[in-house]
Amino acid sequence: MSTLQPVRGTHDLLPDEMRAFRHVVETGRTTASRYGFDEMATPIFEFSGVFARTLGDTSDIVTKEMYTFADRKGESITLRPEGTAGVARAFISNGLGNDLPFKVFYSGPMFRYERPQKGRQRQFHQIGVELIGVPDPQADVEVIALGRHILDSLGLKGNVTLEINTLGDTESREAYRGALVNYLSGHIGLLSADSRDRLERNPLRILDSKDEGDRAVIANAPLLGEYLNPASRTFYDDLKNGLMDLGLDFVENPRLVRGLDYYGHTAFEFTTDALGAQGTVMAGGRYDGLIKTMGGGATPGVGWAAGVERLSMLLAEPPATTRPVAMIPAGADPMIKREAMILTERLRRAGFAVDLGFSGNMGKRMKRANKVSARVAVIFGEDERLARAVTLRDLDSGEQATVALDRMEDTVRAMLAGTAEVAIGGI
RNA sequence: GCGGGUGUAGCUCAGUUGGUUAGAGCGCCAGUUUGUGGUACUGGAUGUCGUCGGUUCGAUUCCGAUCACUCGCCCCA
């Protein structure tokens with residue numbers, strides 16, 4: 001183990017891992033575009049206020065997890081801990097409120113100063129979508145359907161369950177918060193230290209506690225559902241009906257809450273039991289108050305974010321590498337080496353991925369061709385050079401034939417398509 | 001931030017009840033095969049035994065600290 005370590009909670013994405021990672025992001029991007037979401041990107045750092053104000057003063061993200069520093073001018077800068085605040089800021093900065101709905105997909109690194117665990121790094125990556133400007137729960141349904149579609153396309157191993165809940169509108173939530181605090185205060189002696197602390201900061205979070213004593217108290221706590229006003233109830237019913245219309249299975253989880261203050265109404269998570277404690281793979285909700293809080297016009301929004309590392313770990317099988325064509329120069333004549341390079345470039349210009357080993361005799365080069373899982377070998381030695389031809393070998397079947405140089409590209413193409421008659425009569 | 005576990009070759013791991021040359025499998029390199037790969041056989045290279053310090057005649061082994069990873073909590077994607 002080297003002493004040259006990367007910073008805690010960061011790690012390198014080596015090619016194998018990167019391939020899985022990119023597959024997740026590309027699946028997200030192409031699926032999102034089918035739902036009318038265009039890609040955008042915001043800076044990976046913002047003025048600290050963008051996050052501090054919008055995420056809520058009490059969230060852990062703000063209080064202890066942000067990578068915040070002063071730049072050379074003394075401005076407080078923060079590496080983004082999540083994507084929604086930046087998109088909302090961009091929405092306001094660029095005056096996009098006149099062309100609604102605004103539907104975007106994004107991907108990129110996020111940063112949180114947390115204790116690393118599997119599926120939880122300090123620099124991690126998310127894909128996410130935001131649908132801004134639609135107050136109707138149809139928007140929530142579309143966003144959730146897109147999420148499920150991506151997860152399905154990824155063919156994840158293990159079950160990924162959709163859990164939903166409603167946080168109600170502000171009025172309902174405030175009424176409930178009062179009732180909940182009132183109830184919990186009556187049992188404060190039974191609550192864990194963590195939860196006693198949360199009673200002040202974020203009482204809804206106590207519903208989510210894993211502490212056994214807490215759970216006993218929570219079992220008899222009032223439910224948010226009992227405090228929903230008619231508008232909030234209708235919203236939630238419309239959401240559930242919309243999901244059912246599309247055949248999207250879900251489980252209602254009345255204890256599902258959000259860590260970030262700007263959420264209201266819909267909250268949802270896609271979870272798996274295959275990742276231990278880090279089982280949430282995609283999560284989101286509705287944030288009708290966010291943009292106004294940030295200084296824009298009152299504009300509703302709904303969206304989700306998903307952890308790319310977590311999704312890559314769930315991929316049933318890693319995406320295949322492209323099988324290249326292997327160029328095999330054979331023989332000592334320097335002209336062979338030079339012409340092989342020219343032929344390699346010709347094939348690449350014709351659209352093929354070509355592997356050209358830089359050294360070794362023919363046997364060694366063939367081994368290499370096998371190692372890079374080449375499908376076709378293009379053998380070019382003294383005989384071929386004099387005959388102005390190449391020998392094309394199908395590395396799966398072992399059949400090979402020699403064809404004139406001007407037929408090289410077409411024949412390779414036919415072989416890769418599986419339509420080649422390899423007995424392509426001599427030269 | 002709190003509590004537990006782990007750290008030996010590129011990878012997965014064995015081992016040393018404190019003693020001089022630290023092992024296996026896989027992978028890698030070479031050869032059997034100077035124009036033909038995958039299989040097989042033969043040979044080879046690679047370790048500051050995570051780091052720093054302490055105890056000791058002697059530490060990879062014991063102790064402490066530290067760093068990283070890991071499991072749970074917190075929180076969250």
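Note on naming: letters A, B, ... go to the chains in the order of the sequence lines (proteins, then strands), and numbering restarts at 1 for each one. Values below: all heavy atoms of this structure, side chains included; hydrogens, waters and symmetry mates excluded.
Side-chain atoms of A:T391 lie closest to B:G35 of the nucleotides B:G35, B:C76, B:C74. Among the nucleotides B:A77, B:C74, B:G37, the one closest to the side chain of A:S209 is B:C74. The side chain of A:T280 lies closest to B:A77, out of B:A77, B:G38, B:C76. When distances are taken from the side chain of A:Q117 to each of B:A68, B:C73, B:A77, the shortest belongs to B:C73.
Atom name C1', nucleotides B:A22 and B:U46: the rounded distance is 13 Å, in whole Å. B:U8 sits 14 Å from B:A59 when the C1' atoms are compared, rounded to a whole Å. Distance check on atom C1': B:G44 versus B:G54 gives 40 Å, rounded to whole Å. Annotation: B:U48 and B:U34 have their P atoms spaced 37 Å apart (nearest Å). Comparing B:U70 with B:C13, their P atoms are spaced 13 Å from each other, to the whole Å. Taking the C1' atoms as reference points, B:A30 lies 22 Å from B:G23, given to the whole Å. To the nearest whole angstrom, the two C1' atoms, one in B:U16 and one in B:G47, are 15 Å apart. For B:G19 and B:G58, the C1' atoms lie 7 Å apart once the distance is rounded to whole Å.
At a cut-off of 3.5 angstrom, the base of B:G35 holds at least one donor-acceptor pair with the side chain of A:E384. Donor-acceptor pairing under 3.5 Å, judged by distance alone, is present between the side chain of A:R120 and the base of B:C75. Remark: the A:R115 side chain and the B:C69 base include no donor-acceptor N/O pair separated by less than 3.5 Å.
Within residues 19-27 of chain A, no residue is approached by RNA chain B to less than 4.0 Å at the level of any non-hydrogen atom. Residues from residues 356-379 of chain A lying near RNA chain B, meaning a heavy-atom separation below 4.0 Å, are A:M362, A:K364, A:M366, A:K367, A:N370, A:K371, A:I379 in numerical order.
Backbone-only engagement by A:R8 is indicated by non-hydrogen atom pairs under 4.0 Å involving sugar-phosphate atoms exclusively. Within 4.0 Å of A:G119, counting heavy atoms only, lies at least one base atom of the nucleic acid. When heavy atoms are screened at a 4.0 angstrom cut-off, A:E269 is found touching no nucleic acid atom at all. Nucleic acid contact class of A:D396 (heavy atoms, under 4.0 Å, all strands): base. At the heavy-atom level, A:G284 lies nowhere under 4.0 Å from the strands shown. At a threshold of 4.0 angstrom between heavy atoms, the contacts of A:G398 include nucleobase atoms, whether or not backbone atoms are also involved.
One interatomic measurement links the two molecules: OH of A:Y113 to P of B:A77, which rounds to 20 Å at whole-angstrom precision. Summarising the geometry, the separation between CD on A:E17 and C1' on B:C11 is reported as 14 Å, rounded to the nearest angstrom. B:U70 atom P lies 13 Å from atom CD of A:E114, rounded to whole Å. One can place CD of A:E382 at 16 Å from P of B:U36, the figure rounded to the nearest angstrom. Atom CG in A:D211 sits roughly 17 Å away from atom P in B:G72 (whole-Å rounding). Across the protein-nucleic acid pair, A:L162 atom CG and B:A77 atom P stand 15 Å apart, rounded to whole Å. In this structure, A:F124 atom CZ and B:C76 atom P are separated by 12 Å, rounded to whole Å. One atom, CG of A:D16, and another, P of B:G27, lie 15 Å apart when rounded to the nearest Å.
A donor atom on one side chain and an acceptor atom on the other are found under 3.5 Å apart for A:S172 and A:S232. Side-chain atoms of A:S192 and A:D211 include no donor-acceptor pair closer than 3.5 Å. Side-chain N/O atoms of A:R407 and A:T411 include no donor and acceptor closer than 3.5 Å. Judged by distance alone, the side chains of A:R198 and A:S195 do bring a donor and an acceptor atom under 3.5 Å apart.
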Under 3.5 Å, which donor-acceptor pairs do the side chains of residues 180-187 of chain A form with other protein atoms, sequence neighbours left out?
| residue | atom | partner | partner atom | Å |
| --- | --- | --- | --- | --- |
| A:Y183 | OH | A:V217 | O | 2.6 |
| A:S185 | OG | A:V181 | O | 2.6 |
| A:H187 | ND1 | A:Y183 | O | 3.0 |

Return all side-chain donor-acceptor pairs below 3.5 angstrom for residues 379-390 of chain A, not counting sequence neighbours, or 'none' if the list is empty.
| residue | atom | partner | partner atom | Å |
| --- | --- | --- | --- | --- |
| A:E384 | OE1 | A:G381 | N | 3.0 |
| A:E384 | OE2 | A:T391 | OG1 | 2.5 |
| A:R385 | NH2 | A:D333 | OD2 | 3.4 |
| A:R388 | NH1 | A:E339 | OE1 | 3.2 |
| A:R388 | NH1 | A:R385 | O | 2.8 |
| A:R388 | NH2 | A:E339 | OE1 | 2.8 |

Please list, one pair per line, the donor and acceptor atoms closer than 3.5 Å that link side chains of residues 7-20 of chain A to other protein atoms, with sequence neighbours excluded.
| residue | atom | partner | partner atom | Å |
| --- | --- | --- | --- | --- |
| A:T10 | OG1 | A:V7 | N | 3.4 |
| A:T10 | OG1 | A:V7 | O | 2.6 |
| A:D16 | OD1 | A:R19 | NH1 | 3.1 |

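Across all strands shown, B:C73 is found opposite B:G1 as a Watson-Crick or G-U wobble partner, with both distances under 3.5 Å. In this entry B:G10 has B:C26 as its Watson-Crick or G-U wobble partner, both defining distances falling under 3.5 Å. Under the Watson-Crick or G-U wobble criterion, with both distances below 3.5 Å, B:G64 is paired with B:C52.
Residue A:F250 qualifies as enclosed at atom CZ: its count of foreign heavy atoms under 6.0 Å is above 12. More than 12 heavy atoms of other residues, nucleotides or ligands shown are found within 6.0 angstrom of CZ on A:F69.
The side chain to side chain donor-acceptor pair (under 3.5 Å) analysis of residues 355-364 of chain A, with sequence neighbours excluded, yields the pairs A:D355-A:R368.
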Inset, instruction - May I have the step-by-step check of side chain to side chain contact (heavy atoms under 4.5 Å, CB included) for A:T266 and A:F235, ending in yes or no? - result: CA-CA 9 Å; A:T266 312; A:F235 190 99; 3.4 Å; yes
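With respect to A:L156, the side chain to side chain contact (heavy atoms under 4.5 Å, CB included) criterion is satisfied by exactly one of A:I150, A:T272, A:L311: A:L311.
Each of A:A306 and A:F380 has a nearest nucleotide on RNA chain B; the 5'-most of these lies closest to A:F380.
In this structure, A:K118 does not reach the B:U70 phosphate: none of its side-chain N or O atoms is under 4.0 Å from OP1 or OP2.
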